[in-house]
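Worksheet: the structure to be examined is printed underneath.
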Amino acid sequence: MRNIRLDICYDGTRYKGWQRLTGVDNTIQGKLEQTLSRILGEPIEISGSGRTDAGAHALGQVANFHCESDLPCREILAQLRRYLPEDIGIYSCSEASPRFHARLNARQKTYRYRVWNSEEPCVFERRFVYILPEELDLEQMCIAAEYFLGKQDFCAFNANKRFKKSTLRHIQNVSICRKGNEIEFLFTGDGFLYNMVRIMVGTLIEVGRGQRPAESIPSLFGAKREEAGFLAPAQGLCLMEVEY
């Protein structure tokens, strides 16, 4: 049994997220499994490094699957590029060690969130940014972001109310910078809860609006979901990199 690794990018605009859903055709995982099953002539189940939200994107998603087929990786790659829709791209297809698992072996992930912070029109990037023209206090948001660093209980930043496992996560890096009309948020951590990055961004935007002080962030760790900020829209979110 072969174990195959895929390195993937996608524009998630028209999809219901990564995870395969019963009765739903337009998920990233579903499209990949359907296409691979057709190419290899056997049922394929694929495991991704994480489940991106409906409407979110990826520049550095990683996945793996097992198969009996002896079709060379270069031919699998060529056929995936031929048959997948144009908003799902495959960077590489390679043999992985038998024990490699895209999710379980991931050491850390980096997500980017983009905010178009200008009254100027954003026609060509509108599917990949949250358009928010109001003035934001970047300095206060940067101060607030520092409090997310380290190992914390992020239960207030988890939108899955039925989640029963540990909500402790270790954030290694948070950065916020302005690039012209955009504000870019980068988060690197050992793992992220459901909607966690989008809630952190929403909370930081509330700081930038003056709706909550930067120094209030520590009080949110271990708190309830409703005490943290709003859920920022999915289109601004992109999985940038997974490290193993």
Spell out, as yes or no, whether a donor-acceptor pair under 3.5 Å connects the side chain of [X] to the backbone of [Y].
| X | Y | answer |
| --- | --- | --- |
| Asp137 | Gln140 | yes |
| Arg126 | Val123 | yes |
| Arg169 | Ser166 | yes |
| Gln29 | Gln19 | no |
| Gln79 | Ile39 | no |
| Ser216 | Pro213 | yes |

Linked, directly or transitively: [X] and [Y] (ILVMFWY side chains, under 4.5 Å):
| X | Y | value |
| --- | --- | --- |
| Ile131 | Met141 | no |
| Met240 | Ile171 | no |
| Tyr147 | Ile176 | yes |
| Ile76 | Tyr83 | yes |
| Leu132 | Ile199 | yes |

**Request:** Taking the six-membered ring for Trp and the single ring otherwise, decide whether the centroids of Phe192 and Tyr111 are under 6.0 Å apart.
**Result:**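 Ring centres of Tyr111 and Phe192 closer than 6.0 Å.
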**Prompt:** Do Phe128 and His57 have ring centroids that are under 6.0 Å from one another?
**Reply:**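 Close enough - the centres of the two rings lie under 6.0 Å apart.
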**Item:** Intermediate values then yes/no, side chain to side chain contact (heavy atoms under 4.5 Å, CB included), Leu84 and Tyr10
**Value:** CA-CA 11 Å; Leu84 282 171; Tyr10 49 84; over 6 Å; no
Does one side chain, of [X] or [Y], offer a donor that lies under 3.5 Å from an acceptor on the other?
| X | Y | answer |
| --- | --- | --- |
| Gln108 | Glu243 | yes |
| Asn117 | Arg178 | yes |
| Ser47 | Asn64 | no |
| Ser37 | Glu42 | no |

**Prompt:** Please walk me through it: do Gln211 and Val207 pass side chain to side chain contact (heavy atoms under 4.5 Å, CB included)?
**Reply:** CA-CA 6 Å; Gln211 295 173 333; Val207 171; over 6 Å; no
Using a strict cut-off of less than 4.0 Å between a Lys/Arg side-chain nitrogen and an Asp/Glu carboxylate oxygen, indicate whether [X] and [Y] qualify as a salt bridge.
| X | Y | answer |
| --- | --- | --- |
| Lys109 | Glu241 | no |
| Glu125 | Arg114 | yes |
| Glu68 | Arg2 | no |

**Request:** Would you please classify the geometry between the Phe221 ring and the Phe157 ring as parallel, tilted or perpendicular, with 30° and 60° separating the classes?
**Result:** tilted
Taking C-beta and beyond as the side chain, do [X] and [Y] meet within less than 4.5 Å on heavy atoms?
| X | Y | value |
| --- | --- | --- |
| Leu36 | Leu6 | yes |
| Tyr113 | Pro233 | yes |
| Glu184 | Leu186 | yes |
| Leu237 | Val197 | yes |
| Cys93 | Ile4 | yes |
| Leu168 | Lys151 | yes |
| Arg14 | Pro85 | yes |
| Asp190 | Arg107 | no |

**Item:** Ser92 and Asp7: CA distance, side-chain angles, deciding distance, side chain to side chain donor-acceptor pair (under 3.5 Å) verdict
**Value:** CA-CA 5 Å; Ser92 64; Asp7 290 84; 3.0 Å; yes
[atom1] of [X] to [atom2] of [Y]: how many Å apart, nearest 0.5 Å?
| X | Y | atom1 | atom2 | answer |
| --- | --- | --- | --- | --- |
| Asn158 | Asn195 | CG | CG | 8.0 Å |
| Ser219 | Glu227 | OG | CD | 7.0 Å |
| Thr27 | Gln34 | OG1 | CD | 9.5 Å |
| Ile88 | Glu86 | CD1 | CD | 11.0 Å |
| Gln172 | Thr110 | CD | OG1 | 8.5 Å |
| Leu220 | Met200 | CG | CE | 12.0 Å |

Heavy atoms only: give me the nearest [X]-[Y] pair and the separation to one decimal.
| X | Y | result |
| --- | --- | --- |
| Ala223 | Cys155 | O-SG, 3.0 Å |
| Pro121 | Trp116 | O-CZ2, 3.6 Å |
| Asn3 | Phe65 | OD1-O, 3.3 Å |
| Arg81 | Tyr91 | NH2-O, 3.1 Å |
| Ala145 | Leu204 | N-CD2, 3.7 Å |
| Val129 | Gln235 | O-CG, 3.1 Å |

**Trace of the side chain to side chain donor-acceptor pair (under 3.5 Å) decision for Tyr194 with Asp53** = CA-CA 8 Å; Tyr194 181 53; Asp53 302 334; 5.1 Å; no
**Message:** Would Leu193 and Asn160 count as a side chain to side chain contact (heavy atoms under 4.5 Å, CB included) here? Give the steps.
**Reply:** CA-CA 8 Å; Leu193 302 163; Asn160 184 354; over 6 Å; no
**Prompt:** Just one of Phe187, Tyr130, Phe230 clears the side-chain contact (heavy atoms from CB on, under 4.5 Å) bar with Val201, so which one?
**Reply:** Phe187
**Message:** The test is side chain to side chain donor-acceptor pair (under 3.5 Å); show your working for Tyr15 and Thr52 and say whether it passes.
**Reply:** CA-CA 10 Å; Tyr15 294 96; Thr52 51; over 6 Å; no
**Request:** Could you please spell out the steps behind the side chain to side chain contact (heavy atoms under 4.5 Å, CB included) verdict for Ile44 and Cys67?
**Result:** CA-CA 7 Å; Ile44 297 296; Cys67 68; 3.8 Å; yes
**Asked** Is it the case that more than 12 heavy atoms not belonging to Glu45 sit under 6.0 Å from its CD atom?
**Response** no
